[in-house]
Structure formats: C-alpha cells, structure tokens
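Hydrogens, waters and symmetry mates are skipped; everything else that's a heavy atom, side chains included, is used. All chains are named by letter (A, B, ...) in the order of the sequence lines, taking the proteins before the strands, and each is independently numbered beginning at 1.
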Number of protein chains: 2
Amino acid sequence: MAVTILDVAKAAGVSVSTVSRALSSPEMVRPETRARVRAVADSLGYRPNLAARGLITGRTANLGLVVPDLTNPFFPSLLKGAQARAREADHAVFLADSQEDGAEEARLVAAMAKQVDGVVMCASRMDRPLLETVLGLVPIVFINRAVPGHPSVIMDNAGGMRQAVDHLAALGHRRIAYLNGPRSSWTNKERRKGLRRADRHGMEVTHLGPFAPRFESGQQAADLVIAAGVSAVVAYNDVMALGVLSRLAERGVPVPGRISVVGCDDIGFAAMATPALTTVDLRGERAGRAAVETLLDVLAAPEQSTPARTRAPLRPDLTATLIVRASTGPAA
Amino acid sequence: MAVTILDVAKAAGVSVSTVSRALSSPEMVRPETRARVRAVADSLGYRPNLAARGLITGRTANLGLVVPDLTNPFFPSLLKGAQARAREADHAVFLADSQEDGAEEARLVAAMAKQVDGVVMCASRMDRPLLETVLGLVPIVFINRAVPGHPSVIMDNAGGMRQAVDHLAALGHRRIAYLNGPRSSWTNKERRKGLRRADRHGMEVTHLGPFAPRFESGQQAADLVIAAGVSAVVAYNDVMALGVLSRLAERGVPVPGRISVVGCDDIGFAAMATPALTTVDLRGERAGRAAVETLLDVLAAPEQSTPARTRAPLRPDLTATLIVRASTGPAA
DNA sequence: CCCGGCGATGAAAAGGATTGCATTATTTGC
DNA sequence: GCAAATAATGCAATCCTTTTCATCGCCGGG
C-alpha cells in the first residue's frame, strides 16, 4: 500500500539507488536529477521505511531517556528540551521512569538497548558495579553524573549552591542547614561542594538527612530544621523545599521572618508557593537539549570520542542562576 | 556481531523457521523442541532484531502518546500507566507534548505515524476538520474525548463533578462558581454536564471563563470568584484550583471559612497545598493503562472494531472518587 | 586519437526475521 | 497394517532500503 522507493524510482525514471542517494547523499547525484527525484518523491508522498533503513544501517533513529521520577516536575522540563532537540535531528525519544531505583535503571537500559541508538540517563542512581553492566550495551550520555571516560552533561550544581550561600550570607545568615538528597545521588555530592563556600563567609552549616527527594521528606525535615536553631535552610531540591514551607506554615513559623528557605531546580510550582520559593535555576531544559546533542555527536563520530577526560567542562549556557523570591529575607 | 536467529538455529540443530515459531508461535512446535530452542536462545542471549521483524510484519512495537502539557503533573501519571501497560506487551512508548495546540497535535501524529503502530491521544484539542486529517494515518485511541466511530477511554468527568456538587450541597452551599477550562476542551463540556446536578439541589452556578488551564488563570479567577459572591468554587483542574488558593490566601480570604475550593485530577501537589485541596481523582494512571490496552486490542483485531457506537461506556475501574481534604467546609 | 580518471548512475547483494507452501514424521481410523 | 489426516519442520520468498561494485560516458592530457 505504502509508496516505496521503487515507486519513486519508476516514476522518476531512475534506479532505486539514485533515489536513495538523491534523498540521503545529495552530493552524489547531479543537481537536476536530484531535484527531479525529490519532486517526484514529494508528489507521491514517499516516506522511507525506517525499519528497512534500520535493518541495513543498524540505526534506529530512536533515543532513550531515563529519568528517576517523572512526577518531579523538574524532569518533564528536561524531557521537553531533549525531545525538541531530538526532533530537529529526526529522532524520536523513548521515555522511561526508573522510580529512583538504580537496579530498575539498569533493567530499563537493557530493555531499550536494542531499540535505540543511544540513551540519555538522568541523575543516575546506579552504583559502580551496576554501571559496568550497562556501559557496554549502548552509547550513554549522563546528565548530572560524571562517569570517567563517558560523556556527560553536568549542570552547575556547585555554582548554584555557591550563589545560594552568597545570597544567604549577604542577608546576614550565620547558621544554615542543608537538607541532603539521597545518598546515592551524585548531584547531592556536587551540591555539597558548592556549600563549602559557606566557610569563606564563616557560616556554620548543619547537615540533615539524607532524605528521599520528596515533599514528605521536606515536611519531616522542617521540624529538624527548627530544632537545629538555624535561620536558613537550603534543600536538595524544590519538591523538598516545598515540603519544608508547608510544614513551617503549619507550625506557624514565619518565612522568611524566622527561617529563610532555598530550593533547587526552579520547578513551576516553586513560583506558585506561598511564599514564592527562592531557588536555583539549573536550566534543565537546556541540559536536556545539550545531552541529546552530545549523544548525537557521539553517534556521529564513533570511537574517536573517548578522551580520558574525567570531567566535562561546564557549558556556559548551563550556568545556574539564583532566582530570588519571597522565601528568603534578612536573618532574624 | 549480534546473535541472529540463524545462530540459534544452528546451535539448536533446527531451521530458522522453527526458531522463529518456537519463540513467537509456541503452539506450532513440539514442546521438547520449543524448550530446547528457547534454552539455546537464552544461553546465546538472542534478541530478535525488531527492525527486521518490523520490516516483514509491518509492526513497529512502538506506541505514541500525545499529551497537551507535560508540565501539568496530571499527564505524567497518565503516562506512567500507559508506559507500564505497554511494557507488559513489549511495546515502547514515544512521548510528545503538543503544548495545548491542536495544530501541533496533528503535526505530531503525522510525524509519528510511520514509526508507531498506534497513538494514544490525550485530551485532544483538535477541531473536527483537523481531526479528519489524522484519523486515517494511524490507529488512534482517544482519552477524554469522544470521536464517533473511534475508540476512546473516557474518564468519569461528569460523575466526578456530580460528587463534588453533592459534597458542596451537603455542606450547605447554595451559590457556587465553576471555572471553565479551554473552550476547545471536550473534557470541560463533560464536566459542565456533571455540574447540572446542581439543579437537583436548587443550587445556583455561576460560570466563569473560559480560562487556560494554568496556575495564573486560577489566580486571575480568584478575584472574580470573590466578586461573584459565591461560597464555593469548582475549578476545571487542580492546577487552576491551586492558583485560586494562592490568590485567596494573598487576599486574606479564609478557605474554607469563607470560600470552599474544589479541584479536579488529584495531582500530587493537591495534597501538599495549604489547605490541602479537595479534588476529584479521575484515575489518570488507570486511564493511561486502559487506553494502551484498548489500542493493543484494536491492533490485534483489525477492522472488526468499528461499531458505530458513539460513546464508549464508562469502565468501572475508572469511576471517579472525590477526595475530601481541607479546602472544603460548611458554607458560611 | 587513445587512455586514465572521474562523475553519475545502475545492478545486485545484504541485512534478519516471518510465513506460505512443501515436505516429512506421526498419529488416527478402519 | 495401510491410507488418510494431522502435526512438526524445513525451504525459500519477501519486506524496503542502503551500499558496494560495476558500468558508462565524458573530459583532459599525452
């Protein structure tokens, strides 16, 4: 039923080889032939059969994206960026949700391996041995996780935290708390590095957690924060920070009057909370875009791309920005 | 490099046909042969090449899912259900976000058409003429939109609204407002039908909107609600309802003391708002599951499935439930 | 005038699985 | 115990595209 390359070839009076080349290797065919073939293809509504192409090229034109938790609004935004970039390159994106579980991540990658050309892996929770099991299966680009010898896109976690700390210092806070994310989170380690900026200001940082990155953890943490006697708290991410706000409100603690709260990610609801949440915009959408771009590069240039570089440099377009809103104010 | 069906055939001492059948048409091969072949296939780590299979069967084992807005947390939950069901059937899911735009929906479907066996289309905004352009391209199952002659999974919109109305009536509310969703939303029409239950209670319903289904619209609507002099408001969805709560808090209007607020969808943040939002749980995850299931049925039973049934019956497992939380209380 | 080389095109193989048809093995019925 | 039916398996065609290799014509140089 569908129009094949043979139909086009007949209609254009050339061989199928020429049609194939006119469409995918334009420089190999004479301009007038190319134009004629393309015109015919268009008029017939020819669409190459991706299965047939994939069979011979070994490429699927599909990419995989694994995120830890889709219900955290940060990841849909990442997805959006990834999706957009993939479409520009005529690639489709498979999405999978690992539910914050490293083993599930590994299973998902294995399941996708044969159906995609490469995978973008967000905030992977896999430990080293688990990682080893998937690294050979399919090209992988990591987001927010450095894996020696493998390409990754790193958000400006530490930089964002430094801005947050500077902001709080400028507001006169001397004692602050940090709510740690999951122990297995590479991102959490990075954010802690940024927090060391507190030393420079002579601030004291109380570490709480680790916590699962959920609203409920934030609520739970809020009471600990109050007990810790700090004047400001920085949460691993916005979802937790919103939990903190909620519980503080419940206990009648004024924000930012008595405690200032800072989140991370700038999810949509951060701006919608009361008080609106001060947070770090990590440019998730751009990161998604960048990761797909990196992956496409890797796929285009096979093998030559294993610089033993342990650490990808921070892309300038991924510089974090502190978004100051109503949840932070001068120290009491 | 990869192990092919031929490798398995050789190792098992049978023909490729037998291997193929042992794996995909088990009943056609003798049990002991089947067992042997499968054992060999497993030990060799054989994975059928989907491109090759697709080439001959014409199936891709991929499904498409189009949602209007991924940043509305309702859709990720739907996606989760769809994804889970698809995986059970060894299908992958392509995700696309139409940004609430009917024309973009049509473009996305056209782009996916050749790469998927079918599409699940959520809360489609397409008008009739636009619909016509995509209906023939690929099998489509609609969620929350009835299209005569086409399969759909309908959530219990009207039923949920009736429960909301009954709830408010029981609390003594006589005058309520409804915040309409987008004009092009079929769901919105259904929800209005449910609101007619108000007549039975002798309640008066003030219609406001239409609004874009966003937080900001809720904020905007809140002032109108106050001006309308009603004691309760039902919003098109939770995101809007949260906007209402936010603005009411800003204006110092007690909830539910002076105005009760009801949302719809039961997104995660509904429970996290202060006060926690009373809302209608439409079973999004199950609906996603059901839609994929329906789609798989359609694909399995070609053509016989066009009963001129205009309206799919409500599936019992999709019955809506009103979740009563702190945002509703007795009328002032 | 002929030949090497180059550019454009065509012929045909390859890629891996499914499936209709042919063939062989096994059972059933009488 | 044999014919016929049936079950199990093998053979080979097929799906559609890309790509290697061969062919052809033409150009420029000798």
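Classification of the B:Phe94-A:Phe94 ring pair by plane angle, with boundaries at 30° and 60°, yields parallel.
The minimum heavy-atom distance linking B:Leu55 with A:Ala52 is given by the pair CD1-CB, 3.5 Å. Annotation for B:Val8 and B:Val19: closest pair CG1-CG1, 3.8 Å, computed over non-hydrogen atoms. What you find for A:Ser124 and A:Arg145 is that their closest heavy atoms are O-NH1, 3.1 Å.
Applying the 4.0 Å criterion to OP1 and OP2 of D:dA7, one finds that B:Arg30 has every side-chain N and O outside that range. Between D:dT9 and B:Thr33, a contact under 4.0 Å exists linking OP1 or OP2 to a side-chain N or O.
Here the P atom of nucleotide D:dT17 and the CZ atom of A:Arg53 are 9 Å apart, to the nearest Å. If you take CD of B:Glu32 and C1' of D:dT9, they are 13 Å apart, rounded to a whole angstrom. Rounded to whole angstrom, the span from the OH atom of A:Tyr46 across to the C1' atom of D:dT18 amounts to 10 Å. Atom CG in A:Leu55 sits about 17 Å away from atom P in D:dT14, given to the nearest Å.
Side chains of A:Ser17 and A:Ser20: a donor-acceptor N/O pair is absent below 3.5 angstrom, by distance only.
If B:Arg34 and A:Met28 are placed on DNA chain D by their nearest nucleotide, the residue sitting closer to the 5' end is B:Arg34.
Heavy-atom contacts of chain B under 4.0 Å fall on DNA chain C between two terminal nucleotides, which in 5' to 3' order are C:dG16 to C:dG20.
Under the 4.0 Å criterion applied to side-chain N and carboxylate O atoms, B:Glu293 and B:Arg85 are assigned as salt-bridge partners. Salt bridge A:Glu104/B:Arg87: present, at least one basic N to carboxylate O contact under 4.0 Å. The existence of a salt bridge linking A:Arg128 and A:Glu132 is confirmed by a sub-4.0 Å separation between a basic side-chain nitrogen and an acidic carboxylate oxygen.
Contacts with DNA chain D (heavy atom under 4.0 Å) in residues 10-27 of chain A: A:Ser17, A:Ser20, A:Arg21, listed by number.
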